[in-house]
2 protein chains.
Amino acid sequence: MPKPRSAPRLADVALRAGVSIATASRALARREGVSEAVAAHVREVALRMGYVANIHARTLAGGATSTVGLIVHEIGDPYFAEIASGVIGVASQRGFSVQICHSGRDPAGELHQIRTLIAHRTDAIVVAGSGYTEPAMQAESNALLTAFQETGGRVAVIGRHHIAADAVRPDNEAAGAAAAAHLLTLGHRRIGVISGPPVLTTVADRLAGVEKALAAHGLTLDDVPVLPTDFTRNGGHSGAERLLAEHPDLTALIALNDLMAIGVLSVLRARGIAVPQQMSVAGVDDVAVAADLAPSLTTVRLPMTEMGELALTMALKPPSARRRRKNTGHELIVRDSTGPVPPVR
Amino acid sequence: MPKPRSAPRLADVALRAGVSIATASRALARREGVSEAVAAHVREVALRMGYVANIHARTLAGGATSTVGLIVHEIGDPYFAEIASGVIGVASQRGFSVQICHSGRDPAGELHQIRTLIAHRTDAIVVAGSGYTEPAMQAESNALLTAFQETGGRVAVIGRHHIAADAVRPDNEAAGAAAAAHLLTLGHRRIGVISGPPVLTTVADRLAGVEKALAAHGLTLDDVPVLPTDFTRNGGHSGAERLLAEHPDLTALIALNDLMAIGVLSVLRARGIAVPQQMSVAGVDDVAVAADLAPSLTTVRLPMTEMGELALTMALKPPSARRRRKNTGHELIVRDSTGPVPPVR
DNA sequence: ATGAAAGCGCTAACAC
DNA sequence: GTGTTAGCGCTTTCAT
């Protein structure tokens, strides 16, 4: 095993190129103040030596960090993968690296990741996971992030968080309402709601939207079964099984995200319940695969990739006196998983 | 807007705690050489001040970065999202942060990201995108990564790369063979292959597997239509349309990854071609959603999450004299998208 | 057990 | 146009 000699430094390059480190630095940063001939030579030497500037030294010396942090619940979840894709896109276009962490849908995990990101002195932090309905659960995160911002750090959150920072606000309530209204308009009244952990603001808001739509038709959330479960494919799966067993008369199911809707559809298929002839199903998010399910999933589109792009773009702007807030749009996408109420047998 | 005063430094903590920065450093790093009383006091002060050590200074002074880099083609692709999930899991468990970059399936992009990661002096780099069949396309990446390893950096790649480093080798050839053999065993002979960019080793290897399976049945790749297209859902979509138009007698389609298979299924559904009654479809990867498509997708499972875990685990091991190589398993998962050859009309 | 001081590799004044 | 030098905030000898 070769003894780990250290990587070439600026001084090595300068020496080999026969110039001072200042000149070398200028040449490599393509700053002015160096004759083109010398600059080219320095770059050539650096290339040959495989020189890559040490970001830490550069940062410490006052240059920009050029890294941003992104906190998601779990990158394997397509909702977050799409957001991450948007964040990375903007980041790389503007010369930033992105550090991704899992909060694991847990306030303590979130706090831990925030701490890590702050230690890394990232220029900005984007918190993409859902917020929590209970302000206390994010009090420490908020304190940390506030301090971070006071020392020049930038922060943007996606969703409704109890964090004082710029925010991209997905149209969760409207999305939930749109999904429910669609079903109600089709004539459904016996609608089961497969919900997520009530502590998540995303869940609470989407549920509030459903409630609002119900109200427009003279119903309340007490008139329909609401089952809180995991905000995942398997949550949707088990939720559907339970709801179907306890409420055999349902004609429609709303899953509060597409992942759960996928689980719901799998239960229906396994039981031979025809969608949408016997049961309508709607989701929220419009993950990429929603259009390719069979039946294709009726859902409410939230522009995830764009949300990621927007969040980082906001975070990279110079800070404003008051917190910026940007609402996303939403769009009901009617596909094949929803239809009119089946005739009573 | 609050004037960005800078974050508290070690010196600030030391001053407030009434000790030298050396003592403060020791106390915070829980190193020995400080009386427990003083140490506790320092920590207490640091906590109150919201002190978080500057990673850059720490790294520069000789500490480890505790950051690893991960290069994927595109995080929105579930194949890579699942690998990333594995990498992040192991990383966070061992106290590392992970920096994720997009190569964009382009050797130049890959090179650029490698450079970035080296500049960040990450402790390890995991290259997860496919390698290229043309060694020259990765020559520079290899040079950079070799130098990186000589200076103590660790590297692991996933796939067949022309990079001298530890490697996790997905069973691509065997997977391609398994998919094709399955179809051949069912009696299919008019099999269309929807392939990806031939420069990717992943594509070349899977295709080689298909060829091998064909050979076992007395066929060659010249006997079946092979259409190279994008390695994405849309590539699969357009590929299927073209193959169907040009070869109306096909009874089965192999897509060289699941994403393409999803695109294939969507074409078939749109055209009212029954799967598997009129056309069998097989993919490779077994992304999470494959089981929930309708018909559920017959595919060959590659353990993506585990591959990510494995790769980082290898990279974090002390380097060995010779390059380690770890082959993944693969498993044919027969679901509903494949069936016997339809009777000739 | 504690402190003083020498770097780590770079950027940015400031000189020439 | 090019070189000198003083830090950036930390870890780590080496003294005390």
Side-chain angles (χ1 to χ4, degrees), chain A residues 4-43 45-46 49-67 118-123 151-153, chain B residues 4-43 45-46 49-67 118-123 151-153:
Chain A
R5 47 170 196 272
S6 58
R9 293 154 307 142
L10 181 58
D12 301 326
V13 175
L15 188 66
R16 273 271 252 290
V19 299
S20 73
I21 61 167
T23 298
S25 175
R26 290 186 193 112
L28 294 171
R30 310 192 101 85
R31 252 171 295 144
E32 58 177 13
V34 202
S35 67
E36 195 37 58
V38 176
H41 178 231
V42 170
R43 272 183 236 122
V45 170
M49 297 178 68
Y51 170 77
V52 185
N54 183 326
I55 282 276
H56 304 290
R58 176 172 284 176
T59 301
L60 200 52
T65 327
S66 62
T67 126
I118 292 181
H120 281 254
R121 295 294 190 277
T122 56
D123 294 302
T151 62
Chain B
R5 48 169 195 270
S6 58
R9 292 156 308 144
L10 181 58
D12 301 327
V13 175
L15 188 66
R16 274 273 250 290
V19 299
S20 72
I21 61 169
T23 299
S25 174
R26 287 190 268 256
L28 293 172
R30 311 193 100 84
R31 250 169 298 144
E32 57 178 13
V34 201
S35 68
E36 195 38 59
V38 176
H41 177 232
V42 171
R43 272 183 237 123
V45 169
M49 297 178 67
Y51 171 77
V52 187
N54 183 325
I55 282 275
H56 304 292
R58 174 172 286 174
T59 302
L60 197 54
T65 336
S66 58
T67 297
I118 291 181
H120 280 256
R121 295 296 187 275
T122 55
D123 296 303
T151 61

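Just so we're on the same page: letters track the sequence lines, and every chain starts at 1.
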Check your understanding: Could you give the CD-to-C1' distance, from Glu32(B) to dT11(D), as a whole number of Å?
Key -> 16 Å
Exercise for review: Would you please confirm or rule out a distance under 4.0 Å between OP1 or OP2 of dC10(D) and any side-chain N or O of Arg58(B)?
Suggested key: no
**Study point:** Shortest side-chain distance from Arg31(B), nucleotide among dT12(D), dC8(D), dC10(D)
**Key:** dT12(D)
Check your understanding: If you check every side-chain atom of Ser25(A), which of dT11(C), dT2(D), dT4(D) has the closest atom?
Key -> dT11(C)
Point to revise | Nucleotide dG9(D), atom P - distance to NE2 of His120(A) in whole Å | key: 18 Å
**Study point:** Protein-nucleotide distance (Asn54(A), atom CG; dC10(D), atom P), rounded to Å
**Key:** 16 Å
Point to revise | Options dG9(D), dT2(D), dC10(C), nucleotide nearest the side-chain atoms of Leu60(A) | key: dG9(D)
Review point. Can a side chain N or O of Thr23(A) be found less than 4.0 Å away from OP1 or OP2 on dT2(D)?
Key: no
Review point. Between dA12(C) atom P and Leu28(A) atom CG, what is the distance in whole Å?
Key: 13 Å
Review point. Would you call the rings of His56(B) and His56(A) parallel, tilted or perpendicular, where under 30° means parallel and over 60° means perpendicular?
Key: tilted
Exercise for review: Kindly say if Tyr51(B) contacts the phosphate of dG9(D), meaning a side-chain N or O under 4.0 Å from OP1 or OP2.
Suggested key: no
Review point. If you find the nucleotide of DNA chain C closest to Ile21(B) and the one closest to Arg121(B), which residue's nucleotide is nearer the 5' end?
Key: Ile21(B)
Review point. How is Ala29(A) classified with respect to the nucleic acid when contacts are heavy atoms under 4.0 Å: base, sugar-phosphate, or nothing?
Key: nothing
Point to revise | Integer-rounded Å distance: dG1(D) C1' and Arg26(A) CZ | key: 8 Å
Review point. Out of dT2(C), dC10(D), dG9(C), which has the shortest distance to the side chain of Arg9(A)?
Key: dG9(C)
Check your understanding: Closest approach of Leu28(B) and Arg43(B), non-hydrogen atoms and distance?
Key -> CD2-CG, 3.9 Å
Point to revise | Stepwise side chain to side chain contact (heavy atoms under 4.5 Å, CB included) test for Val34(B) and Val42(B) | key: CA-CA 10 Å; Val34(B) 201; Val42(B) 171; over 6 Å; no
Point to revise | Distance, nearest 0.5 Å, that separates OG1 of Thr59(B) from NE2 of His120(A) | key: 7.5 Å
**Study point:** Spacing of His41(B) atom NE2 relative to dT2(C) atom P, expressed in whole Å
**Key:** 12 Å
Exercise for review: Report yes if at least one side-chain N or O of Ser35(A) is closer than 4.0 Å to OP1 or OP2 of dT2(D); otherwise report no.
Suggested key: yes
Practice item. Starting at atom CG of Asp12(B), determine the distance to atom C1' of dG9(D), rounded to an integer number of angstrom. Key: 10 Å
Check your understanding: Could you state the CG-P distance from Leu15(B) to dA4(C), rounded to the nearest angstrom?
Key -> 12 Å
Check your understanding: Which nucleotide in the list dC8(D), dG3(D), dC10(D) gets nearest to the side chain of Ala61(A)?
Key -> dC8(D)
Study note, to complete from the structure: Distance col, row Leu60(A):CG vs Ile55(A):CD1, nearest 0.5 angstrom, shows 12.5 Å
Practice item. Between dG9(D), dG3(C), dT2(D), spot the one nearest the side chain of Val19(B), thanks. Key: dG3(C)
